[in-house]
2 protein chains.
Amino acid sequence: MSQGSTARAVGEHLSEWITEGRLAPGDKVSETSVASQLEVSRNTVREAFRLLAHDGLLVHEFNRGVFVPQVTSADVRDVYRLRLIIEPGVVRALTARDTHRLGTLEAAVAEARTAARRRDWPRVGTANMHFHRSLVALAGSPRLDVMMRRLTAELRLLFAVIDDPRYLYQPFVKRNKELLALMTKGRFEEGADYLESYLGDSEGAILAAFEERERTA
Amino acid sequence: MSQGSTARAVGEHLSEWITEGRLAPGDKVSETSVASQLEVSRNTVREAFRLLAHDGLLVHEFNRGVFVPQVTSADVRDVYRLRLIIEPGVVRALTARDTHRLGTLEAAVAEARTAARRRDWPRVGTANMHFHRSLVALAGSPRLDVMMRRLTAELRLLFAVIDDPRYLYQPFVKRNKELLALMTKGRFEEGADYLESYLGDSEGAILAAFEERERTA
DNA sequence: TCTAGACAGATTGTTGAACAATCCGTTACG
DNA sequence: CGTAACGGATTGTTCAACAATCTGTCTAGA
């Protein structure tokens, strides 16, 4: 199976189920049902639960079980508030030396490009996640990487709520590419500004969808 | 015992063992030894391990076991780099309204005061942790709270390496109190500046101890 | 002497069954 | 109609066992 732990494999399954909407926010995820569906032991499922709780994709309530988090517009604001602090900050702190360390970003852009051509929007989402994680990784802070990992995981949770993912994912492909172009030229200050407006737009789009949804509900 | 989960109780035990130096950085922590010492099942120990790994107090290596993280001066720099961004940023973003929301900070200062009088330095450390977590909580960002929880946990890990904790903890009592005084008066900009220099000093002190240690080793 | 590989012991990963504790929806009662 | 007891279902924890992997030792060979 996927190298090593079966618990990890179970975690990846659950992660897909969540990002693909097969498990909706608020849903309870029972140990026995997952165990029987994936043909693993209950104990292994529990370990997988802990892994996903680590990334914020599941919440654990003692003696009650694990649930897919109920996300609201407040969560959208919270996630983007942190992204708007972290990501432009990282870009602004870069110097000319870093121009030659953008390989992972280029890979992520290419990944998004081919996925978009194939209309494979979930994969575009993954590529986008990779892009922003790689961006933050340039700061060289292991702890910031952990934080960003969690943020991007929760980001996908937010996107999973939206009906039409294309509407949200499509703009990323172009804007990531343009941001990378600026950075390759060493124009980091411009890049940070661009990223700020880009994130602001993104937040606005998701927020609109959420507030619409909350109005009806 | 501590309400609810025994896994959590085991986690708290391990956490103490680490912060008190009974478990040193680099040490391997075996499942069976912990299970027999605390008279719980191996499975419960594994769950406790995951909880602490979540806070960065243990690292899990597949098929090899869990270890107390090996901390270096690079980790000191990383932790303080993030603290220096987060904490003064939070203080600067406060407004007059927040002047009446400093109860938890006052409690933490009081806790540190009484603990210091009793020469109970580990408890002073805990109080200091509470102070800074409460400070960041003022930002009202659940995700930032999670990040800060991890940072403070790792901070104690760093302190655990130092031989004489008094030397490091004592200054905190006074400076937290003074910072709180500024904030109570609504002088947040000054407070942020104060906090910056305070954190800078703290980093310097710990860094000196670490670099001395690394020179000998 | 040093390196490489095989072997054995110890540890982790996972399973399955079992039981206590807790939660939750239903029912019966006031 | 509200409430309290009841019972089924789910979680928390334990235990025993086995497979997979790691680690250190020992031997064989250059």
Side-chain angles (χ1 to χ4, degrees), chain A residues 1-18 22-70 149 157 217, chain B residues 1-18 22-70 146 149 157:
Chain A
M1 209 153 283
S2 80
Q3 82 240 8
S5 164
T6 62
R8 185 172 303 275
V10 172
E12 283 170 14
H13 269 276
L14 289 171
S15 176
E16 280 179 21
W17 292 359
I18 293 171
R22 182 168 160 184
L23 288 174
D27 280 3
K28 176 170 181 179
V29 190
S30 98
E31 298 178 355
T32 56
S33 88
V34 174
S36 64
Q37 284 185 65
L38 296 181
E39 296 179 319
V40 294
S41 131
R42 233 186 87 206
N43 244 318
T44 303
V45 172
R46 286 174 69 86
E47 258 191 63
F49 282 173
R50 286 287 152 83
L51 292 180
L52 292 209
H54 191 302
D55 285 343
L57 265 70
L58 290 177
V59 292
H60 181 110
E61 298 182 23
F62 185 73
N63 269 335
R64 296 202 51 234
V66 303
F67 302 81
V68 182
Q70 195 81 59
R149 178 191 158 87
L157 192 61
Chain B
M1 200 152 285
S2 74
Q3 80 238 7
S5 163
T6 63
R8 186 174 302 274
V10 172
E12 284 170 15
H13 269 276
L14 289 171
S15 176
E16 281 180 21
W17 292 359
I18 294 171
R22 181 167 161 186
L23 288 173
D27 280 2
K28 177 171 181 178
V29 190
S30 97
E31 298 179 356
T32 55
S33 87
V34 175
S36 64
Q37 284 184 67
L38 296 181
E39 294 179 321
V40 294
S41 132
R42 235 186 87 207
N43 243 317
T44 302
V45 173
R46 287 173 69 86
E47 256 189 65
F49 282 172
R50 291 280 151 63
L51 291 180
L52 292 209
H54 191 302
D55 286 343
L57 265 68
L58 290 176
V59 291
H60 182 113
E61 298 182 23
F62 185 74
N63 269 334
R64 296 200 53 236
V66 303
F67 302 82
V68 182
Q70 195 81 57
V146 172
R149 177 190 159 87
L157 192 62

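Note that the coordinates shown come from a computational prediction; the quantities given were computed from them, not determined experimentally. The chains referred to below are lettered A, B, ... by the order of the sequence lines, with proteins before strands, and numbering in each begins at 1.
- The structure places OG1 of A/T44 at 13.0 Å from CD of A/E39, a figure rounded to the nearest 0.5 Å.
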What verdict does the side-chain contact (heavy atoms from CB on, under 4.5 Å) test give for B/H13 and B/V34, after you've listed the backbone C-alpha separation in whole Å, the side-chain angles of each residue and the deciding distance to 0.1 Å? CA-CA 10 Å; B/H13 269 276; B/V34 175; over 6 Å; no

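- For DNA chain D, the neighbouring residues in residues 40-50 of chain B, judged by any heavy atom under 4.0 Å, are B/V40, B/S41, B/R42, B/N43, B/T44.
- How far CZ of B/R46 is from NE2 of B/H60: 6.5 Å, rounded to the nearest 0.5 Å.
- Note on B/R64: every side-chain N or O is 4.0 Å or more away from OP1 and OP2 of C/dG13.
- In this structure, B/E31 places its CD atom 14 Å from P of D/dT14, rounding to the nearest Å.
- A/R8 places its CZ atom 17 Å from the P atom of C/dT12, with the value rounded to the nearest Å.
- One can place CZ of B/F62 at 12 Å from C1' of D/dA19, the figure rounded to the nearest angstrom.
- For the atom pair B/T6 OG1 and B/E12 CD, the distance stands at 11.5 Å (nearest 0.5 Å).
- Within the 4.5 Å cutoff, side-chain heavy atoms of A/V68 are placed close to those of A/L58.
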Assess whether side-chain contact (heavy atoms from CB on, under 4.5 Å) is satisfied between B/R8 and A/F62, documenting all intermediate values. CA-CA 11 Å; B/R8 186 174 302 274; A/F62 185 73; over 6 Å; no

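- The phosphate of D/dG12 (OP1 or OP2) has no side-chain N or O of B/S5 nearer than 4.0 angstrom.
- The separation between B/F67 atom CZ and D/dT23 atom P is 7 Å, rounded to whole Å.
- The distance from atom CG of B/N63 to atom P of C/dA10 is 18 Å, rounded to the nearest whole Å.
- For C/dG13, the OP1/OP2 oxygens have a side-chain nitrogen or oxygen of B/H60 closer than 4.0 Å.
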